[in-house]
Amino acid sequence: MPFALTEKLFFRLCLLSPYSSTVPRTWKLLFAKSFGNLQAKMALVRASRYFLPTWKEDPAEAELPSHKLMLRAGMIRKLAAGIYTYLPLARRVLHRIEGIIREEMDAIGGMEITMPMIHPAELWAETGRLQDFGPILGRFRDRAGREMVLGPTHEEVITDIARREIRSWRQLPLVFYQIQTKFRDEPRPRGGLIRAREFTMKDGYSFHESKEDLDRFYREIYQAYLNIFHRCGLPVVVVEADPGLMGGSESHEFMLPNPYGEDSFIQCENGDYAANLEGAVSLKDEDPPEPLLPVEEVATPGCYTIEAVANFLGVPTRKTAKAVFYRTPKELVFVVIRGDLEVNEAKLARALGTGEIWPATEEEIAACGAVPGYASPIGIRRNGVKVVVDDSIPKARNLVAGANREGFHLRNVNFPRDFQADIVADVAMAREGDRCPRCGGRLRIQRAIELGHIFKLGTKYSEAMGATFLDREGKPRPLIMGCYGIGVGRLLAAVIEAHHDEEGIIWPAHLAPFQVVVSVLNPDHDELLRLGEDLARALDEAGFEVLLDDRDQSAGEKFHDAKLWGIPVLLVVGPRAAKQNQVELERRADGAKFAVSAEPKAVVEKVRELLERARA
RNA sequence: CGGAGAGUAGCGCAGCCUGGUUAGCGCGCAUGGUUCGGGACCAUGAGGUCGGCGGUUCGAAUCCGCCCUCUCCGACCA
């Protein structure tokens, strides 16, 4: 579409986003000329003078296709684990991706800003996240000894701006975003740009006077995110997510299904439910009715696991009740769950209303009077121990549970006849093959790359940091916030994951670092080189970004590099076709070849046609 | 943090088990020449603290110990 814009529209586009990389350069020049300022030179990009360090072989350190290809194509280089340099080819694509993000963010009223990368630690202490983030936070002291952190995200910083500057409901809503480098000292970086420690992120923050206005904007940004990923050629799945450390109520993740993904989500075969595994819900069957039998103690020597007990007594694991102990900052938690299910710690933490939980130690378990391996919900000493019963338990009958005595279990335990709970909640991990809570369809677990995440934060940060405004009644109220992230480097890698073959990358035309590579097979033949330069210049003037491959290398190497780089159209200027006053065009996506007259007009025409079809 | 694997020239690897001249191979790189349409060929050449430190030994890339780094699986992950 940019190639078909009218000039008037273009000027508006330029004013809106002067750095947009999707605007053809010729029009930028026109724009510049009409204001009588800079005369940008249109120097051809010559491969012989450009930095394109390609590798013939797969690097040993990479596993994922995108990681291998980015290293081989000379896009990135590693400095340390999870820390990369973006070389020119990668930078060019990033400009385009960032351009798309800026257009979509600007279109919903976003204002681009840049916040500091270095934050005083005390700012993070205000919200408690200095603690919560723990070792993931990069920290150092400045020369005065003040504790500083490397920003892993920017809720605190933007909320600090908000509390200083936002006074009245009349100023709202406000939407800010930035595209910036973040640092998170992840315990395990992996997959190149898929999970890096230093990475580029688009993070956005919105401020609202009401929950309703946040809801309204949330729908807008949700759509903007879909636009961004669709324009990048990525079929994302939107997934209900757990807000986790960020806090807040509603949250969605934008996932690209991929076998190498760093994340997983669960999806109904009928497409009406998709959720991150952390928060996924599935149906739990009710046991067929059977009379409740009296509790009876049975000897189960050496049966410390559910499997052992079930085997020993000859019952299925789903006829047992499993005891699992956790510790929170406040208390010990005793979870009772059906024996065939696992506890989902994220769901448990939410049910408890606490940020952090971790498995209890044997000592802690023993301290409350429970016998590890034989712990029982019956007769557990209740002081200081919170009993959480998974909602699978009330639906089950006559379960086998621990007897709280070494070597013994109880048969026919029933809730609530035999024991009570402080909380009954769904704290079970959803499993592959479980049934969908919406339609009863089968659930499948899929690996995926998390590309974006949006949150309704509510007032978590504004309350903690005292960011208030005066509402329509003149009363001070905490700002209602949302935050919205996209992993830009990860997005770049994801595009390659979704668009490549054995020979290299296959960029969607509007993301490609160059749309055309003009390969002069014998650059030392003056005539051929001149023809290549003329055609490259003509393409450049027509608004395409052109790489002139004038390197003195064998034709085979140049063809292979062109495929590796994934440039959508290859224009071959060689002696064979030149004899008939022709050149050859080859489309990267399917290898289709076309002979064209070596006239600039004809070449530009054909290239334009090929690119139109190559759009994602 | 738990488990597994790896570190030898820019890249990919052999050598190590069974210690012994000057540490190899392929690719790449430099120079000269021949080539020139799907990763050419010939000749010459540069390039190595064998991850680091310590130990054993007459002698260590090779055996032992400690440490560092990287990769994969898991835990973790706005």
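Letters go in sequence order (proteins before strands), and every chain restarts at 1.
When heavy atoms are screened at a 4.0 angstrom cut-off, A:Gly192 is found touching no nucleic acid atom at all. Contacts of A:Asp203 with the nucleic acid, taken as non-hydrogen atoms under 4.0 Å apart, are absent. Residue A:Tyr260 is out of contact with every strand shown, counting any heavy-atom pair closer than 4.0 Å.
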* How would nucleotides 37-46 of chain B be written as a contact map, 5' to 3', with B for base contact, S for sugar-phosphate-only contact and - for no contact, using protein heavy atoms under 4.0 Å? -> BBBS------

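In this structure, B:G32 and B:C42 make a Watson-Crick or G-U wobble pair, each of the two defining distances being under 3.5 angstrom. Summarising the base pairing, B:G24 is matched to B:C13 through a Watson-Crick or G-U wobble pair whose two defining distances lie under 3.5 Å. When both distances must be under 3.5 Å, the Watson-Crick or G-U wobble mate of B:A60 does not exist. Using Watson-Crick or G-U wobble geometry with both donor-acceptor distances under 3.5 Å, B:C72 finds its partner in B:G3. Pair check for B:G19 finds none; no Watson-Crick or G-U wobble contact set falls under 3.5 Å. The partner of B:C53 is B:G65, judged by Watson-Crick or G-U wobble contacts that both fall below 3.5 Å.
Applying the side-chain hydrogen bond (donor to acceptor under 3.5 Å, both in side chains) test between A:Glu112 and each of A:Arg102, A:Lys202, A:Gln178 identifies A:Arg102 as the sole match.
For B:G15 and B:A23, the C1' atoms lie 8 Å apart once the distance is rounded to whole Å. Taking atom P in both B:G28 and B:G12, the straight-line distance is 15 Å, to the nearest Å. Spacing of C1' atoms, B:U31 relative to B:C73, comes out at 49 Å, to the nearest Å. Rounded to the nearest Å, the gap between the P atom of B:A40 and that of B:C27 is 11 Å. The same atom, P, is picked in B:C70 and in B:C11; the two are 15 Å apart, to the nearest Å. Spacing of P atoms, B:C72 relative to B:C16, comes out at 28 Å, to the nearest Å. If you take atom C1' in B:A9 and the same atom in B:A14, they sit 14 Å apart, rounded to whole Å. A distance of about 10 Å separates the P atoms of B:A61 and B:G20, rounded to the whole Å.
With respect to the salt-bridge test (charged N to carboxylate O, under 4.0 angstrom), the residues A:Glu432 and A:Arg444 do not qualify. With respect to the salt-bridge test (charged N to carboxylate O, under 4.0 angstrom), the residues A:Glu155 and A:Arg129 qualify. Classification of A:Arg163 and A:Glu126 as a salt-bridged pair holds, one side-chain N sitting under 4.0 Å from a carboxylate O.
Rounding to whole angstrom units, CG of residue A:Asp549 and C1' of B:C36 are separated by 14 Å. Between the CG atom of A:Asp263 and the P atom of B:G74 there is a distance of 12 Å, rounded to whole Å. In this structure, CG of A:Leu71 is placed 13 Å from C1' of B:U71, rounded to the nearest angstrom. Taking atom CD on A:Glu63 and atom P on B:A4, their separation rounds to 18 Å, with Å as the unit. Following rounding to the nearest Å, A:Leu64 (CG) and B:C72 (P) show an atom-to-atom distance of 7 Å. Distance CZ (A:Arg188) to C1' (B:G5): 13 Å, rounded to an integer number of Å. The nearest whole Å value for the distance from the CG atom in A:Asp185 to the P atom in B:C1 is 11 Å. In this structure, the CD1 atom of A:Ile136 is 15 Å from the P atom of B:A75, given to the nearest Å.
Nearest heavy-atom pair, A:Asp58 versus A:Arg72, reported as atom, atom and distance to 0.1 Å: OD1-CD, 3.2 Å.
Cation-pi check for A:Lys182 over A:Phe199 is not met; the charged atom does not lie both under 6.0 angstrom from the ring centroid and within 45 degrees of its normal.
Counting heavy atoms of neighbouring residues, nucleotides and ligands inside a 6.0 Å radius, atom CZ of A:Arg49 does not exceed 12 of them.
A distance-only check finds a donor-acceptor pair linking the side chain of A:Asp434 to the backbone of A:Arg431 [under 3.5 Å].
Across B:G26, B:C72, B:C77, the shortest atom-to-atom separation from the side chain of A:Arg190 is found for B:C72. When the nucleotides B:G26, B:C70, B:G74 are ranked by their closest atom to the side chain of A:Glu57, B:G26 comes out on top.
Summary of the strand contacts: A:Gly82 and A:Pro59 both lie near RNA chain B, and taking for each the nucleotide with the nearest heavy atom, the more 5' one is attributed to A:Pro59.
Aromatic ring centres of A:His252 and A:Tyr225 lie farther apart than the 6.0 Å criterion allows.
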